[in-house]
There are 2 protein chains.
Amino acid sequence: MRNSSADQLILETLGKQKSHLTSHQIYEAVHLRLPALNPSTVYRALDRLVNQGKVTVSDMGLGAAVFELTGEKPHHHLVCQGCGHITLIADDQIAPLISNLEKNYHYKIKTNHLVLFGFCEKCQDTA
Amino acid sequence: MRNSSADQLILETLGKQKSHLTSHQIYEAVHLRLPALNPSTVYRALDRLVNQGKVTVSDMGLGAAVFELTGEKPHHHLVCQGCGHITLIADDQIAPLISNLEKNYHYKIKTNHLVLFGFCEKCQDTA
DNA sequence: CATTATAATGCAAATCTTTGCAATTGCGAT
DNA sequence: ATCGCAATTGCAAAGATTTGCATTATAATG
Ligand SMILES: [Zn+2]
Ligand SMILES: [Zn+2]
Ligand SMILES: [Zn+2]
Ligand SMILES: [Zn+2]
């Protein structure tokens, strides 16, 4: 692996926008700064970064996968299928489960961004 | 919603093959039994079935989402990023966490097929 | 049974993503 | 600095998925 300018641009983009971005949004953003950049290069770069663990990819129910920088601490989300609201779950809530599974199954788990779907308090009433 | 033959065909297909199938595999299978069926019809039917909760869709690291019938009991998996081996996790291991989250966040969680990535015992050594 | 409303389907176009291959670039080793 | 290798990139083609719109089929209603 060597120093790829596409990778660098994408990491900077994800660093500024603190949110979950789709590959299309990422392409739009880097395209502004480097119009010559080819879409396939962006897709391949994203693939690379995810494989290296520098970027996390998740399905958050938006119809397209979303990417974000892998933080120092894992974090997780609840996503409401009624109103689309996204709740942050601190890793404390999840870490014990992960530890247990690692012990029981002799696994080293890499997943660090769980997304669980369901209905928030409000949307349960209307359902 | 009404009785769709595409939905029916897909449910039967998923019922026979007890494994996780990609949308492409599903299309191939139903196409054999009903060659006139259009790809977009299959995609839309899958979308419908997932929304109705009859079918579960997950990313298991195969490069494409996989579908399976929603069973009576939830189940979950560990997927090794080294050798690709898939381990079944019984719901007992996960259910308590889900209950806790539901209580703490006042949520009704619908996710019933967690997939966690990592490295199995063998592949940790070679890593 | 005829009528109407609604859901599902086919088709084609538009989009999005992946892939093969040749050209280029960055990096380490002479 | 130059060479050689392997990773990255662009480009075009292939492939996969989504979408808009017209048509057809189903189910409920009168
Ligand atoms: Zn997140
Ligand atoms: Zn809600
Ligand atoms: Zn499964
Ligand atoms: Zn393994």
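Below, read A as the first sequence line, B as the second, and so on, with proteins coming before strands; counting in each chain starts at 1.
- In this structure, B:Ala36 reaches the sugar-phosphate backbone alone: every heavy-atom distance under 4.0 Å involves primed, P, OP1 or OP2 atoms, never a base.
- Proximity of a side-chain donor or acceptor of A:Thr70 to a complementary backbone N or O of A:Gly53 within less than 3.5 Å is detected.
- A:Ala45 comes within contact range of no nucleotide atom at all, as no heavy-atom separation falls under 4.0 Å.
- Residues B:Lys108 and A:Glu121 are not paired through a salt bridge, judged by the lack of any N-O separation under 4.0 Å between the basic side chain and the carboxylate.
- Rounded to an integer number of Å, the gap from NE2 of A:His24 to P of C:dT17 is 8 Å.
- A donor-acceptor contact under 3.5 angstrom links the side chains of A:Ser4 and A:Asp7, judged on distance only.
- Distance CD (B:Gln25) to P (D:dG15): 17 Å, rounded to an integer number of Å.
- Rounded to an integer number of Å, the gap from A:Gln52 CD to D:dA7 C1' is 11 Å.
- Contact annotation: B:Arg44 does not reach the phosphate of C:dT9 (side-chain N/O to OP1 or OP2, under 4.0 Å).
- In this entry the distance linking CG of A:Asp7 with P of D:dA7 reads 14 Å, nearest Å.
- Proximity of a side-chain donor or acceptor of B:Ser99 to a complementary backbone N or O of B:Ala95 within less than 3.5 Å is detected.
- The CG atom of A:Leu46 sits 11 Å away from the P atom of D:dT9 (whole-angstrom rounding).
- Put simply, the side chain of A:Tyr107 gets close to the backbone of B:Cys80: a donor and an acceptor are under 3.5 Å apart.
- In terms of phosphate contacts, A:Tyr43 brings no side-chain nitrogen or oxygen within less than 4.0 Å of OP1 or OP2 of C:dT18.
- In this model, a donor atom of one side chain and an acceptor atom of the other lie less than 3.5 Å apart for A:Gln93 and B:Asn104.
- Note that the two end axes of the helix from C:dC1-D:dG30 to C:dT30-D:dA1 enclose an angle of 30°, each drawn from 5 base pairs, rounded to 10 degrees.
- Residues A:His113 and A:His20 bring their aromatic ring centres within 6.0 Å.
- Put simply, CG on A:Leu21 is 16 Å from P on C:dC16, counting in whole angstrom units.
- Judged purely by atom type and a 3.5 angstrom limit, A:Thr111 has no side-chain atom pairing as donor or acceptor with the backbone of B:Leu116.
- Of the candidates D:dT17, D:dC11, D:dT9, D:dT9 carries the atom nearest the A:Ala6 side chain, counting heavy atoms from C-beta on.
- The main-chain N or O of A:Leu9 is never found under 3.5 Å from a side-chain atom of A:Glu12 such that the two would form a donor-acceptor pair.
- Contact annotation: A:Ser40 side-chain N/O to D:dT9 OP1/OP2 distance is not under 4.0 Å.
- In this structure, the CG atom of B:Asp47 is 15 Å from the C1' atom of D:dA16, given to the nearest Å.
- Checked by atom type, the side-chain pair B:His75/B:Glu68 shows a donor-acceptor distance below 3.5 Å.
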Where protein sits on nucleotides 22-30 of chain D, one letter per nucleotide: B base, S sugar-phosphate only, - none, heavy atoms under 4.0 Å: ---BS----
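- Distances shown here put every side-chain N or O of A:Ser4 at or beyond 4.0 Å from the OP1 or OP2 atom of C:dG26.
- The CD-P distance, from A:Glu28 to C:dT17, rounds to 11 Å in whole Å.
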